[in-house]
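Have a look at the structure below, then the notes.
Order of appearance sets the numbers: ligands from 1, and atoms from 1 within every ligand. In this text the structure is predicted, and so the values were computed from the model without any measurement.
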Amino acid sequence: MRALCWEGADELAVRQVPDPELRNAQDMIVRVRQSVTCGADLPLLAGRSPYLVAGDVLGHEFLGEVVEVGPEVRRHRVADRVVVCAAVSCGACWYCRQGLFACCDNGTAGGPEAESAWGQPVGGCYGHPARTGGFAGSHAEYVRVPYADVGAFTVPEAVSDDRAVFASDAAPTGWLGAELGEVGPGDVVAVWGAGAVGQLTAGAALARGADRVVVIDDHDDRLRMVERHVGAEPLNYRYVDVAAELRERSGGRGPDVCVEAVGMAAGPPGLLGRLGGGAERPLALREAVHACRKGGTVVVLGTWTGSVDAFPLGAVMNKGLTVRSARQHGQRWIPTLLDRMARDELRTEHLATHRLPLERAADGYALFRDRTDGCVRAVFTP
Ligand SMILES: NC(=O)c1ccc[n+]([C@@H]2O[C@H](COP(=O)([O-])OP(=O)(O)OC[C@H]3O[C@@H](n4cnc5c(N)ncnc54)[C@H](O)[C@@H]3O)[C@@H](O)[C@H]2O)c1
Ligand SMILES: [Zn+2]
Ligand SMILES: [Zn+2]
């Protein structure tokens, strides 16, 4: 089959790779209909993961059609239209039973590296290096879906492919952000980053009843989307003092909940970053900690792999902040999100600004990486 392979820093190529096969009784094979770029791919693309190997297939947010099921798959049949959670989780281990699917003990194949970097291995993810599972990515014609009954969800007829594909990762991540922040009526929420994740976090905060939601970025095209499609307030950090402006919009206190949805993609590539343990510059996170009201919550949704430089721990301690973070536990929220999509309460299709055939995926990544031509997410169709 054809698939988008990482060949080296900023080098991508569509190549012929072996077709995936059923390996376990709970596996199924999905023919990909849509597969989307994500901010989490950018550090990988830049060669900042020491574990990515030339030839690895990228991509983890996807939707497709079931073409083959293993003997223990109960919830899916050939020809079903499914969206697949980006996280690979077994559904049966202690962590999965707590609903902490992204912490799964069995969905990972990258034990030793993750253990040395983070103390414990974590759950797997498609299209990521061995450290977080080593599962082949979705920018391909076919994908093997392990633990199919746990990770794949039938898409309701009323929901289009263009909308449902975002239920794979970006939408559950946004939902996670609002949930970790325990956002509720009366809250003022600030979100750093107006990418798909930031926009869907803002939408989730409004859905949970937040009074005001402000999204911070320097890309006016993305900020216009925030206003038009999400109904949140845009704030361009190039033109204003962000902390002062946020205080102004929150009764002089600062936001109750501050969400960082930027991640290390904004940091400098370099040797330290490549070694995974290097110090990244968490500019947005620092600003979030400073801006947050005393006793408020800071949520880290952005992807980080190693250490960060100059984290303002003093502000966390003295202001009594709660800092929470996670990779999305999509298996918990995808059914609800699909229902919301079917009721037209959650719209995501505006995020797919660019649609390209898989053969042109390298061009799609260039647009997405450079945020040119108004690109928010590029969708590939094999
Ligand atoms: N926690 C999870 O499970 C999970 C899941 C998916 C994605 N992510 C992470 O979420 C982050 C966002 O993903 P995305 O796809 O929206 O990425 P993206 O690259 O499209 O968006 C990031 C946005 O942040 C903006 N930005 C950069 N520096 C900023 C700053 N200092 N202040 C404010 N905004 C700034 C950029 O202009 C961009 O619009 C990434 O780090 C991604 O890896 C996490
Ligand atoms: Zn993603
Ligand atoms: Zn598990």
| request: Flag Cys104 as yes if one of its N/O/S atoms falls below 2.8 Å of the Zn ion (ligand 3), otherwise no. | output: yes
| request: Report the member of Thr305, Thr173, Leu301 with the shortest heavy-atom distance to atom 5 (C) of ligand 1. | output: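 The residue whose heavy atom sits nearest atom 5 (C) of ligand 1 is Thr173.
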| field | Among Ala288, Ala284, Ala261, closest by any non-hydrogen atom to atom 31 (N) of ligand 1 | value |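 It is Ala284 whose heavy atom sits nearest to atom 31 (N) of ligand 1.
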Within the 4.0 Å heavy-atom shell around [X], which atoms of ligand 1 are there?
X      : result
His219 : 37 (O)
Gly263 : 41 (O)
Gly302 : 9 (C), 10 (O), 11 (C), 41 (O)
Asp218 : 37 (O)
Cys38  : 6 (C), 7 (C), 15 (O)
Arg327 : 1 (N), 2 (C), 3 (O)
Trp192 : 32 (N), 33 (C)
Asp217 : 23 (C), 24 (O), 25 (C), 34 (N), 36 (C), 37 (O), 38 (C), 39 (O)

Any N/O pair [X]/ligand 1 closer than 3.5 Å:
X      : value
Glu287 : no
Phe368 : no
Ala326 : yes
Asp169 : no
Arg222 : yes
Ala40  : yes
Val262 : yes
Ala196 : yes
Gly198 : no

| request: Report yes or no: does Asp41 have an N/O/S atom closer than 2.8 Å to the Zn ion (ligand 2)? | output: no
| request: Classify the angle between the aromatic ring planes of Trp333 and His329 as parallel (below 30°), tilted (30 to 60°) or perpendicular (above 60°). | output: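 Trp333 vs His329 ring planes: tilted.
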| note | d(Glu260 CD, Leu301 CG) to nearest 0.5 Å is 7.5 Å
| task | Look at Arg238 together with Asp217 and state whether they make a salt bridge at an N to O cut-off of under 4.0 Å. | result |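 Not counted as a salt bridge, because no side-chain N and carboxylate O are separated by less than 4.0 Å.
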| request: In plain terms, say whether Glu21 and Arg144 are close enough for a salt bridge, that is, a side-chain N and a carboxylate O under 4.0 Å apart. | output: no
Just by distance, with hydrogens left out, do [X] and [Y] show a side-chain donor and acceptor under 3.5 Å apart?
X      : Y      : value
Asp149 : Gln26  : no
Glu287 : Trp192 : yes
Glu61  : Ser35  : no

| request: Give a yes or no on whether the ring-centroid distance for His139 and Tyr365 is below 6.0 angstrom. | output: yes
| said: Please confirm whether the ring centroid of Phe62 lies under 6.0 Å from the ring centroid of Phe380. | reply: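 Not close enough - the centres of the two rings lie 6.0 Å or further apart.
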| query | Which heavy atom of Val155 sits nearest a heavy atom of Ala164, and at what distance? | reply | CG1-CB, 3.7 Å
| side-chain contact (heavy atoms from CB on, under 4.5 Å) partner of Phe166, chosen from Arg347, Arg377, Glu349 |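 So, applying the side-chain contact (heavy atoms from CB on, under 4.5 Å) to Phe166 and each of Arg347, Arg377, Glu349, only Arg377 qualifies.
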| query | Given that the side chain starts at C-beta and the backbone is N, CA, C, O, which of these parts of Val197 lies under 4.0 Å from ligand 1, counting heavy atoms, or is it both or neither? | reply |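 Contact part for Val197 vs ligand 1: both backbone and side chain.
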| How does Gln328 reach ligand 1, by side chain, by backbone, by both or by neither, if only non-hydrogen atoms under 4.0 Å count? | both
| query | If the Zn ion (ligand 3) is the vertex, what is the angle to SG of Cys96 and SG of Cys93, rounded to 10 degrees? | reply |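 Angle SG(Cys96)-the Zn ion (ligand 3)-SG(Cys93): 110°, rounded to 10°.
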| query | Gln199: heavy atom below 4.0 Å from ligand 1, yes or no? | reply |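 So Gln199 does not count as touching ligand 1.
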